[in-house]
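The figures here come from the full heavy-atom set of this structure, side chains too, leaving out hydrogens, waters and symmetry mates. We name chains A, B, ... by the order of the sequence lines, and we start the count at 1 in each one. This one's a predicted model, so the numbers in the text were calculated from it and none came from an experiment.
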Amino acid sequence: MQITETLARLVAEALESVQTSGALPAAGDVAIKIERPKLAEHGDFSTSLPLVLARTMRMAPIQIAEAISGAVPEHEMVGKVEHAAPGFVNFTLSTAWLQSQVDVVRKVGGAFGSVEVGSGKNVQVEFVSVNPTGPLHVGHARGAVIGSSLANVLEAAGYDVQREYYVNDAGNQMRVFYDTLYSRYMQAAGHDVPLPDPAYPGEYLQELAADLLNDLGDNAVSKDRADATAELAPEGLKRTLADIRRVLELLGVTYDQWFYEGELFRTGRFEQVLELLEDSELIVERDGAKWFAATKLGLEEDIVVIRSGGGGPTYFGTDIAYHHQKFFERKFDRVINVWGADHHGHVARMNALMQAFGIDPDRLRIIINQIVNFKDDGESVKFSKRNNVMVTIEELLDEVGADACRFIFLSRSPESHMEFDLGLAKSQSSENPVYYVQYAHARMCSIVRVADERKIGFDSADLSLLIHERELDLIRRLIELPAVVERSAERLEPHHLPHFAMDLAKSLQRFYESCRVVSSEPEELEISRARLQLVDAARVVLGRTLGLMGMTAPERM
RNA sequence: GCCCCCGUAGCUCAACUGGACAGAGCGAAAGACUUCUAAUCUUUAGGUUGUGGGUUCGAGUCCCGCCGGGGGUACCA
């Protein structure tokens, strides 16, 4: 059970007992919120319940606070209960209990921080899902990092998680991609075939076409356009996807499932779902096209799902089948899509779609991450696939490194319009907070190594020796991780992790500064052992935090 | 025009969904290494949370109006 839950229970008991005794009047049901005060003098946890109750009880909040704080039952976790103006009840954790947590952390080990809010529900996190028409560029990195860390956090929170990349292999953009590939292939073979319009004019397709000519030979040259394209397309797709996958892995991003849009057509699901909606008259025909009747569900306009003139399904059209499949065939309890801000217009449509399916809209959550504004030494850089000005994720990783990249993207909440200064990230990489955090981890590992070299075993230790302010501060920090995981999972906000990591690293460095761990003085052996256990616990917690962020936890730097 | 997101220290960002004196990092100023890693630590300066109202015991957080920035508003994705 989380600390706050225990405290809330104690407060509830206290409230009940003073109401039973008649010291306080009845007040109906109230939610008891336990929070963390900003100031140390206000204790470790607090509740403003008296302020909330003041009105209905028609009493001064401070009196209520006094009554409640005086009635809080004894508990091993709680050292001190105080009331404070204007109407707070403040809790200070007991020193003995804090000391005991070092052992708890070490026993739980790498699983420390896991919570059970997910209770075995299965959730899918779909992220990146960029059309495989070329290499990923820097703009895609943010969603990749957010999605992958969120998946880690949800897993730690007890969810059964599936990470998915939705491969748009069937749409318009792919046709353009294949048409361009054909032209480039013919050009590479020495034929003057102009680029289609529209086309993907970038270098990437020239290189890919040259590779295909080299590896597959020139068989396709003599075929007509359709046959040749049909021959080149699967290999072009395969190689582009393989490259995307490779670069994502460099960034520390992996998937459980690569789901192909084409699958929705091959299995007939697209047709089925459309028929289903036609039956409930949510698909209508007009102007030669098929429309999703979103106006019947409160939206301002209907949405085309199949274009007129045999134009095929739209992006939204296949999304209908795709999401139906997620909920009804694969039966996910929850689905989370991480999208860039350029797709935010679709959110309302997706909610309407959930309505059409008769699914609780809360089961689908769409995280919109805002566009990243890239700068280079203060100068704004605009990227675009069309005008061919872009930096690939791979180039970014060459310059900045995956860990630093992840940390930077992760520390901003998704809705912030973040700045990413490439020049700064490169030139000041040693001042980057990411190294501060990793260094703290390496330092703790180093201490354990030294203890090992000097043959100082610390399997057993007297933890009651840990009474230094910095030691207790560090323990307080360590045991925050479960709450951080819980909050990040419940609110789908992985950005709390790097901030916690910074705070933890700070506590570690401060402890290191004030408390000598491995001592050569014989009379300090016992305190050394106790501190070694603390260092070991801290190493575990920081390592886990880095792991959740998808970063490495170096043992030396 | 309409819809969504944002505006917090010089810069980059937090603030536990309405709580107590708004916090970190970087940058700036001043200090600290004979021991386990100085990629460190200790101080100091820096704020009318864009702005004007409102709700509340209490507002960076909720509501309304302005100002500024970004994104969307296709039979593109």
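There is a side-chain donor-acceptor pair under 3.5 Å between A:Q438 and A:D403. Side-chain contact, A:Q509 with A:Y436: no donor N or O sits under 3.5 Å from an acceptor N or O. Side-chain atoms of A:S446 and A:R556 include no donor-acceptor pair closer than 3.5 Å.
Atom CD1 in A:I303 sits roughly 18 Å away from atom P in B:rG72 (whole-Å rounding). Summarising the geometry, the separation between CG on A:L504 and P on B:rU40 is reported as 15 Å, rounded to the nearest angstrom. With rounding to whole Å, A:E513 atom CD is found 9 Å from B:rA38 atom C1'.
A salt bridge does not link A:R510 with A:E513: none of the charged nitrogens is closer than 4.0 Å to a carboxylate oxygen.
For B:rC33, the base adopts the syn conformation, since its glycosidic angle falls within 90 degrees of zero. B:rC21 adopts a syn glycosidic conformation, its chi angle falling within 90° of 0. Glycosidic torsion of B:rU56 falls outside 90° of 0, placing the base in anti.
Between A:E555 and A:H417, the residue anchored closer to the 5' end of RNA chain B is A:H417, taking for each the nucleotide with the nearest heavy atom. Heavy-atom nearest nucleotides on RNA chain B were determined for A:A341 and for A:S308, and the one closer to the 5' end corresponds to A:A341.
Put simply, the side chain of A:Y435 reaches to within 4.5 Å of the side chain of A:M557, judged on heavy atoms. Residues A:R539 and A:V448 meet the side-chain proximity criterion, which asks for heavy atoms closer than 4.5 Å. When side chains are defined from C-beta on, A:M350 counts as touching A:L353, because their heavy atoms get closer than 4.5 Å. Residues A:S488 and A:P494 fail the side-chain proximity criterion, which asks for heavy atoms closer than 4.5 Å.
Here, B:rG47 and B:rU8 have their P atoms 14 Å apart, quoted to the whole Å. To the nearest whole angstrom, the two P atoms, one in B:rA30 and one in B:rG70, are 39 Å apart. Comparing B:rU73 with B:rA14, their P atoms sit 26 Å apart, to the nearest whole Å.
At a cut-off of 3.5 angstrom, the base of B:rU40 holds no donor-acceptor pair with the side chain of A:Y436. The base of B:rC36 has none of its N or O atoms less than 3.5 Å from a complementary donor or acceptor on the side chain of A:S446. Between the base of B:rG71 and the side chain of A:H344 there is a donor-acceptor pair shorter than 3.5 Å.
Of the candidate nucleotides B:rG70, B:rC41, B:rU37, B:rG70 has the atom nearest to the side chain of A:Q370. Listed nucleotides B:rC5, B:rA38, B:rA77 differ in distance to A:H346; the shortest reach to its side chain belongs to B:rA77. Of the listed nucleotides (B:rG71, B:rC36, B:rA77), B:rG71 has the atom at the smallest distance from the side chain of A:I371.
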Summarise how protein sits on nucleotides 14-21 of chain B as a single string, 5' to 3': B when a protein heavy atom is under 4.0 Å from the base, S for sugar-phosphate-only contact, - for no contact. SSBB-BBB

Could you give me the CA-CA distance, side-chain angles and deciding distance for A:S129 and A:E126, then say whether side-chain hydrogen bond (donor to acceptor under 3.5 Å, both in side chains) is met? CA-CA 7 Å; A:S129 300; A:E126 183 219 316; 2.8 Å; yes

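In this structure, A:R349 fails the cation-pi test against A:F292, since its NZ or CZ atom is not both closer than 6.0 Å to the six-membered ring centre and inside 45 degrees of the ring normal.
Side-chain N/O atoms of A:Y315 include none lying less than 4.0 angstrom from OP1 or OP2 on B:rA77. Applying the 4.0 Å criterion to OP1 and OP2 of B:rG25, one finds that A:K506 has a side-chain N or O inside that range.
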Dot-bracket, RNA chain B: Watson-Crick or G-U, under 3.5 angstrom, [ ] crossing, | other strand? (((((((..((((.....[...)))).(((((.......))))).....(((((..]....))))))))))))....

